[in-house]
Participant: 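Mind having a look at this structure? Questions to follow.
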Amino acid sequence: MIAIILAAGVGSRLGKTHPKSLTPLERGITIMEWQISHLKKLGFSRILAMVGFKKELIMEQFPDILYGYNPAYLLENTSKSLLRALTLVDEDVLWLNGDVIFHPKIIKTLTDQKCPSMLVNKTDVGEEEVKYSLAKDGSIAEVSKNVKNPEGESIGINFFPQKSLKILKDNLHACALNDYFEHGIELSINQGLKVYPTVCDLKECIEIDFPEDLAKANSLISTWEV
């Protein structure tokens with residue numbers, strides 16, 4: 001199993017001049033340092049980061065992981081960065097956005113599912129968040145920013161076994177340049193792939209898009225004994 005961190009984008013909403021994944025946390029480490037250190041503790045000996053914007057800053061800070069480069073990071077969204085990464089691997093994959101802070105226990109919960117799984121929460125969701133709905137059998141029915149009557153938010157951490165990667169890659173190919181990778185997942189679901197939710201508590205994970213998210217993340221991790 002390999003872990004992929006999607007860290008190619010500019011992340012302009014946080015208002016930083018460096019890659020968002022290098023944003024410092026109050027614990028004295030960056031977002032990406034948090035991710036890598038805990039993934040290693042969980043047994044991920046192979047970690048691949050997809051980089052683009054100011055890639056040298058990331059590569060210099062983490063010289064002991066693998067890298068893929070998205071030269072079109074200004075034009076492409078996470079669907080294409082993930083596709084570029086998946087062309088480099090052929091095994092079970094955990095992937096996450098480079099701006100997510102997580103409690104380590106939820107990663108094991110996700111990978112223990114042994115089936116295509118998305119980390120989600122149950123909460124009221126704003127217009128700009130990626131939302132999801134469920135089918136009658138409990139699998140994911142829809143996942144996008146446009147879901148009506150959503151169950152909650154898709155967090156940006158996902159696990160797909162190797163046998164489910166072909167259909168995902170085919171549908172990531174079909175995505176537009178500016179699509180999020182969730183659109184590739186939704187297209188795969190529409191073609192019959194079963195993807196299941198792994199629900200986490202609101203206090204176990206947060207995606208950092210805005211300064212207020214960073215403040216909340218710092219507050220959360222101050223309570224975690226990890």
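This chain uses plain numbering: 1 for the first residue, then up along the sequence. What you see is a predicted model, and the numbers here were worked out from it, not measured in a lab.
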Participant: For the backbone of Q162 and the side chain of D92, can you confirm whether one donor and one acceptor N or O come within less than 3.5 Å of each other?
Facilitator: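 Yes.
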Participant: Could you tell me the separation between the CG atom of L82 and the CD atom of E76, rounded to the nearest 0.5 Å?
Facilitator: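 So the CG of L82 and the CD of E76 are separated by 12.0 Å.
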Participant: Is it the case that the side chain of W34 and the backbone of L25 share a donor-acceptor pair, with hydrogens and angles ignored and the cut-off at 3.5 Å?
Facilitator: no
Participant: Write out all pairs satisfying salt bridge (charged side-chain N to carboxylate O under 4.0 Å, His left out) with one or both partners inside residues 130-141, taking only residues at least two apart or from two chains.
Facilitator: D137-K194
Participant: Roughly how far, to the nearest 0.5 Å, is the CD atom of E212 from the NZ atom of K216?
Facilitator: 10.5 Å
Participant: May I have the step-by-step check of side chain to side chain contact (heavy atoms under 4.5 Å, CB included) for I4 and L94, ending in yes or no?
Facilitator: CA-CA 6 Å; I4 295 172; L94 172 87; over 6 Å; no
Participant: Between L165 and I140, is there shared hydrophobic-cluster membership here, with clusters defined by ILVMFWY side-chain heavy atoms closer than 4.5 Å?
Facilitator: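 They do share one cluster, since a chain of ILVMFWY contacts under 4.5 Å joins L165 to I140.
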Participant: Between N121 (side chain) and E153 (backbone), is there a donor-acceptor pair under 3.5 Å?
Facilitator: yes
Participant: Could you tell me which residues satisfy side-chain hydrogen bond (donor to acceptor under 3.5 Å, both in side chains) with D170, sequence neighbours excluded, listed by chain and number?
Facilitator: K166
Participant: Quick one: which residue pairs count as a salt bridge (charged side-chain N to carboxylate O under 4.0 Å, His left out) with a foot in residues 56-74, not counting sequence neighbours?
Facilitator: K40-D64
Participant: If two hydrophobic side chains count as joined below 4.5 Å and joins carry through other members, does I2 share a cluster with L42?
Facilitator: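 Different hydrophobic clusters.
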Participant: I'd like to know if the side chain of T111 and the backbone of I107 have a donor-acceptor N/O pair within less than 3.5 Å.
Facilitator: yes
Participant: If you take all heavy atoms of I189 and A141, which pair is closest and at what distance?
Facilitator: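 Closest pair (atom of I189, atom of A141, distance): CG2-O, 3.9 Å.
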Participant: Using salt bridge (Lys or Arg N to Asp or Glu O under 4.0 Å), reason through E127 and K145 one step at a time and then give a plain yes or no.
Facilitator: CA-CA 7 Å; E127 279 189 23; K145 290 187 176 184; over 6 Å; no
Participant: Any idea which heavy atoms bring P161 and S164 closest together, and the distance?
Facilitator: O-OG, 2.7 Å
Participant: State yes or no: do F44 and V93 share one hydrophobic cluster built from I, L, V, M, F, W and Y residues joined by side-chain heavy-atom distances below 4.5 Å, directly or via other members?
Facilitator: no
Participant: Treating Q35 as the side-chain partner and N97 as the backbone partner, does any N or O pair qualify as donor plus acceptor under 3.5 Å?
Facilitator: yes
Participant: What pair of heavy atoms forms the shortest contact from T78 to Y180, and how long is it?
Facilitator: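 Heavy-atom minimum between the residues: OG1-CA, 3.3 Å.
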Participant: Under 3.5 Å, side chain of K55 to main-chain N/O of A7, donor-acceptor pair present?
Facilitator: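 The answer is no, because no donor-acceptor pair under 3.5 Å joins these two groups.
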Participant: Any donor-acceptor pair under 3.5 Å linking the side chain of D213 with the backbone of D209?
Facilitator: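 The answer is yes, because a donor-acceptor pair under 3.5 Å joins these two groups.
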Participant: Considering non-hydrogen atoms only, spot the tightest contact between C175 and L187 and give its length.
Facilitator: SG-CD1, 4.4 Å
Participant: Which residues satisfy the side-chain contact (heavy atoms from CB on, under 4.5 Å) test with T198, sequence neighbours excluded?
Facilitator: T109, L110, Q113, S117, L119
Participant: Using the ring pair (Phe, Tyr, Trp, His ring centres under 6.0 Å) rule, collect all pairs that involve residues 127-154, keeping only residues at least two apart or in two chains.
Facilitator: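 Non-adjacent pairs meeting ring pair (Phe, Tyr, Trp, His ring centres under 6.0 Å): zero.
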Participant: Can you name the nearest heavy-atom pair linking A217 to I206, along with the distance?
Facilitator: CB-CG2, 3.7 Å
Participant: Test side chain to side chain contact (heavy atoms under 4.5 Å, CB included) on M50 and R84; report intermediate values, then the result.
Facilitator: CA-CA 8 Å; M50 284 301 301; R84 290 174 184 272; 3.7 Å; yes
Participant: Among all residues two or more places apart in sequence or in another chain, which pass the side-chain contact (heavy atoms from CB on, under 4.5 Å) test with S154?
Facilitator: M118, V130, V143, E182
Participant: Of all residues at least two apart in sequence or in a different chain, which pass the side-chain hydrogen bond (donor to acceptor under 3.5 Å, both in side chains) check with S81?
Facilitator: N70
Participant: Rounded to the nearest 0.5 Å, how far apart are CD1 of I31 and CD1 of I36?
Facilitator: 12.0 Å
Participant: Test of understanding: with side-chain contact (heavy atoms from CB on, under 4.5 Å), list the residues that count as partners of S188, not counting sequence neighbours.
Facilitator: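 Expected list: I167, L168, N171, L193.
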Participant: Which pairs pass ring pair (Phe, Tyr, Trp, His ring centres under 6.0 Å) with one or both residues in residues 55-88, sequence neighbours excluded?
Facilitator: none
Participant: The test is side chain to side chain contact (heavy atoms under 4.5 Å, CB included); show your working for V199 and V120 and say whether it passes.
Facilitator: CA-CA 5 Å; V199 180; V120 300; 3.9 Å; yes
Participant: Indicate if L83 and L66 have the same hydrophobic cluster label, given that clusters are the connected sets of ILVMFWY residues with side-chain heavy-atom separations under 4.5 angstrom.
Facilitator: yes
Participant: Report yes if some heavy atom in the side chain of R46 is under 4.5 Å from a heavy atom in the side chain of E91; otherwise report no.
Facilitator: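 R46 vs E91: side chains touch.
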Participant: Working note: N158 + L96, criterion side chain to side chain contact (heavy atoms under 4.5 Å, CB included); need CA distance, chi angles, decisive distance, verdict.
Facilitator: CA-CA 6 Å; N158 307 272; L96 62 156; over 6 Å; no
Participant: Rounded to the nearest 0.5 Å, how far does NZ of K105 lie from SG of C205?
Facilitator: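 C205 SG to K105 NZ: 12.0 Å, rounded to 0.5 Å.
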Participant: With a cut-off of 3.5 Å and sequence neighbours excluded, list every side-chain donor-acceptor pair involving residues 218-226.
Facilitator:
residue, atom, partner, partner atom, Å
N218, OD1, E26, N, 2.8
N218, ND2, L214, O, 3.2
S222, OG, S219, O, 2.6
T223, OG1, L220, O, 2.6
W224, NE1, K203, O, 3.1

Participant: Would a hydrophobic clustering, with Ile, Leu, Val, Met, Phe, Trp and Tyr connected at side-chain separations under 4.5 Å, put I5 with F181?
Facilitator: no
Participant: With P19, which of I58, T30, D99 fulfils side-chain contact (heavy atoms from CB on, under 4.5 Å)?
Facilitator: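 Only one of I58, T30, D99 forms a side-chain contact (heavy atoms from CB on, under 4.5 Å) with P19, namely I58.
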Participant: Check whether any side-chain heavy atom of V100 lies under 4.5 Å from a side-chain heavy atom of I208, and answer yes or no.
Facilitator: no
Participant: Does anything in residues 106-124 form a salt bridge (charged side-chain N to carboxylate O under 4.0 Å, His left out)? List the pairs, not counting sequence neighbours.
Facilitator: K108-D112, K122-E151
Participant: Measuring from H103:NE2 to I106:CD1, what's the distance to the nearest 0.5 Å?
Facilitator: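 Atom-to-atom, H103:NE2 and I106:CD1 are 8.5 Å apart.
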Participant: Less than 6.0 Å separating the ring centroids of F159 and W95?
Facilitator: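 Between F159 and W95, the centre distance exceeds or equals 6.0 Å.
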Participant: What residues form a side-chain contact (heavy atoms from CB on, under 4.5 Å) with L75, not counting sequence neighbours?
Facilitator: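 Once residues adjacent in sequence are excluded, L75 has no partner under the side-chain contact (heavy atoms from CB on, under 4.5 Å) criterion.
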Participant: Side-chain contact test, heavy atoms from C-beta onward, threshold under 4.5 Å: evaluate it for S133 versus P150 and give yes or no.
Facilitator: no
Participant: Can you tell me how far the CD atom of E33 sits from the CG atom of L22, to the nearest 0.5 Å?
Facilitator: 9.5 Å
